[in-house]
Amino acid sequence: MKSNLHMYVMAAPLLTAFLVNAWGRSNRKIIAPMVLGALALSTLLAIIVLKQTLGSGSLSYTVGAWTPPWGIELLVDPLSALMLLLISAVSFIATFAAVPCVKRDLEDRQHIFFTLYLILIAGLMGLVLTADAFNLYVMLEITSITTYGLIALGRGRAPLSSFNYIIMGSVGASFYLLGVGYLYLLTGTLNLADIARYLPALQGSAAMATALAFILVGLWIKMAFFPLHGWLPRAYSDAPDGAGVLIAPLMTKVTIYLMVRLMLTFQSPEFLLMSMDVRTLVIWVAAIGIICASSLALAQRNLKQMLTYIIIAEVGYMVGGAWLANDQGLTGALLHIVNDALMTLCLFLAAVAISYRTGGLGFDRLKGLYRRMPWTMAFFTVGAFSMIGIPPTCGFFSKWYLLLGGIEAGQWEFVVALIFSSLVNAVLFFRIIELAYFSRPEEGASSEHLPLERQEAPWSMLTPLAVTAGLLIVVGLGTGPLVDNVIRLMIPVAF
Amino acid sequence: MTPIVSIWPLAAILVSLLGALPILLANRQPNLRESWTILIALVKLTIVASLLPGVLAGNSYIFTIAQVIPGVPIELRVDALGMIFALVASCLWLFTSIYSIGYMRALSEHAQTRYYASFAVAISATLGVAFAGNLLTMYLFYEVLSLSTYPLVTHEQNAEARASGRKYLTYILGTSIGLALPAMLITYSVAGTLDFTTGGILAGKASPDLLALLVILFLFGFAKAGLMPFHGWLPAAMVAPTPVSSFLHGVAVVKAGVFAIFRIIFDILGPETLQSADLGSLITYIASVTILVASMVALTQDSMKRRLAYSTIGQLAYMVLGAGMLSATGMLGGVMHLAMHAFGKITLFFCAGAIYVATKKKNISQMDGLGRRMPITYFAFFLGSLSIIGMPPMGGFISKWSLLLGAVEGDQLILIIVLLISSFLNAAYFFPIVYRGFFVPAKEGEAEGISEAPLFCLVPLSLTALISLALFFYPDTLLKLARMALGL
């Protein structure tokens, strides 16, 4: 069906970005209402788009009326509509917490921050909307470059961490572009659906395999798939708090979505995307990555750094699940994209609220937090349980599908890695819960039960955190409809 | 059995979950807070009891909460087995709530609001385990139970509580994620369902080797049942306030573990399937080792609560042993022991707490001559220990007799010997306590001014002791439920 509704979802933050830059310089008070207004609009529209796609299949819009395969096509089907809703909702929620942080950290540069912030969101939306391989590259770079900028706005080592990320990110982008170049040479088209049509004829071609390998490696660098993850921990933990709550939940997840999308588009009964050996290899790497990243998370002494290693481990979950290439594994990977985005958002919102009150996230600052910030910690605990995989939080259900996929495919190394990582997550989070529950900030007073001063986070941070924690349980209980109505539809019979 | 769609099972679970809110809000008004607790406990017991006649008439009540996995919704189903556990738990929660008031106030414990709220969540999870209609739902509530009891175990918030809390979670969460979860997934991928079905869901679908693997993963995966070597959390958890030890570590938590194993043996793996793969002896041997070792360790403990904890480990293994006999009489004995032990053991824990409140004494060696000062408490303790040992006229006799009959019918000489030795050991670790209390005179001046604990403590412990006695004379309802649960 032809429609341009999904175009507006993306246009809202993009256009607002320019307005924020133009007017926000002189009048700081209007920045927050504008950003929130634009994202609220996006979220509403995304809900409508999702409803429409569920009713009538996919919506397509051709930019400038050039018809595909030559023109640029913006295509939305139920799955990308779900991603669109995820991106707009997550960024809408995150913005509530970002506003006070940015106000404090970047007093006179708020308009710059939020300009980049909105363009990044528009870029992420573009990534899930576009049906064109080269356009994907453009959007990928838009998101990356805005992210570099946002991270560099942080304090201390942030510019250096951002520079590291630029180098790795650019290498990744080059790989991807090279791959797309090969594909264009081989097929003469850049429209993804069109490319998929030519692929069966190229089965077994070395050039084809090279092209796909280049594209995959490029995406793997961008999503920080082990062992290409080196840039992520510092980049994410040095980013300003306001940027972290947006980047951490969305960036890696959207890139993984892209990989799955390409796999789903290219795979067909006539064309086998990758041989069994390659698949097994990728799953092994994912399993090793999960185990290594989880172990590294154990070595961290700072909440945010610990969370960044958990993100890397989670990337392994999703890549591994997707490459199991069976029904359960793909369902698990796609479901986990949604769930992990929400879990990471919940934990980062809590972390930001904590650092807003205590001034840091080193483990020694977490002592006695259950008394000082009881509500923040309650919601943090819900997020932690979801990461560990305790039902009925959503983290359990996607892990269920991933594990089931691993068992059905007979990839036991993946199953073992997932269980190991769940156990490590339990250790990681209960270590923090212990610190916050038992220890007191002052030395030597641990046996007394004097009430500590309450320093609860401001409402603007607590409300989004509460909503996200609630979502974790709601989405968990809604797993059945989500899988049946959206995710399962998109997995072709080839799997 | 006709399934009836009914909201009441959900209501029974929710009443205490939502009830945690008014408890939290009444933070600064202790009387109001405790009134809420008692009121919620009463409402809960009423709801559960109101479902009993229907269950006895052969009905089952179902309610689907959410569709999550194809073929495995989050679903509640009240059947006879669940009814036994739910009745015992909600009845004893009422007594524990009353007892808590006496205990917590007498010791001026801190953070009582958190205590009552966590307790309310824990009992919700317990009923969830009892009323779960499939394995996934049970696992869900089992995990919620583990986590909601963590603040109760670590209530004191000192270094010892911290270490015990860590041990508690390592054992309980580690085994449920590391062993039970994969076992559940394997079962699902083989059987395509996780519904509790009389006779099991794996008949003809799994090889004997796979069944043996599943038995081991499930037995140890539900470590709340305390089978050795995954028993260490239970003695450590004794650092909690005594009402917690009484209710959670005498009834709700540990029995949730045994109940889970019952469900696995009766309704997932299936007794006949296990019989044909000859796996009954695997279960009974694991249980026998636990029974004997735990009873012997209990002999060496001087701390009252630790002795009771090891006794619990041994008695829990009795229940698993009964289920593992796979014969009608044996399984019946196992199920009956779940209820009988609950009333007996909670009495003993209540008494230990009453002694602590009255004298601040924790060790058995210091308890000389206390029986003359606290005759009611000590008499209740005597009745409770008789029930656990399995002597008439106490309820424990009925279940242990059934277990023994099961072993005789099955011609399993080793099990008969294990049961007899263990009963002897039970007597050996309980009677000295009673003897010291009544017949060894107290040291000079030590017993001065000691009298019975507050009435809030004394009444519940007398009532549970009397119920234990009554169950010997009127076990019919319980027996009928147990027979229905086993499809006899």
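We name chains A, B, ... by the order of the sequence lines, and we start the count at 1 in each one.
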Which atoms form the tightest heavy-atom contact between [X] and [Y], and what is the distance?
X      : Y      : value
A/P481 : B/Q67  : CD-O, 3.6 Å
A/A426 : B/L173 : CB-CD2, 4.2 Å
A/G476 : B/V68  : O-CG1, 3.6 Å
B/V144 : A/P391 : CG2-O, 4.1 Å

For [X], which atoms come within 4.5 Å of any heavy atom of chain A: side chain, backbone, both, or neither?
X      : value
B/T170 : neither
B/I69  : both
B/Y150 : side chain
B/L185 : both
B/P151 : both
B/L136 : side chain

As an exercise: rank B/L147, B/L181, B/L169 by heavy-atom pairs under 4.5 Å with chain A and give me the winner.
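Top count of heavy-atom pairs under 4.5 Å with chain A: B/L147.
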Pairs of heavy atoms under 4.5 Å with chain A: top-ranked of B/Y188, B/F141, B/Y142
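Greatest number of close heavy-atom pairs with chain A: B/Y188.
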Can you find a pair of side-chain heavy atoms, one from [X] and one from [Y], that are under 4.5 Å apart?
X      : Y      : value
B/E156 : A/F438 : no
B/I177 : A/I388 : yes
B/P182 : A/L403 : no

With a 4.5 angstrom heavy-atom cut-off, which part of [X] approaches chain B: side chain, backbone, both or neither?
X      : result
A/I390 : side chain
A/F420 : neither
A/L477 : both

For atom CH2 of A/W400, is the number of surrounding heavy atoms from other residues, nucleotides or ligands below 6.0 Å larger than 12?
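Enclosed.
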Take atom CZ in A/R301; do more than 12 heavy atoms of anything else shown fall under 6.0 Å from it?
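Above 12, so yes.
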B/E143 CD to A/F396 CZ distance, which is reported to the nearest 0.5 Å:
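The CD atom of B/E143 sits 8.0 Å away from the CZ atom of A/F396.
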Winner by heavy-atom pair count (cut-off under 4.5 Å) against chain B, out of A/G478, A/P392, A/G389, A/S422:
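Of the candidates given, the most pairs with chain B belong to A/P392.
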Any donor-acceptor N/O pair, B/Q157 side chain to A/Y437 backbone, under 3.5 Å:
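Flag set: sc B/Q157 to bb A/Y437 pair under 3.5 Å.
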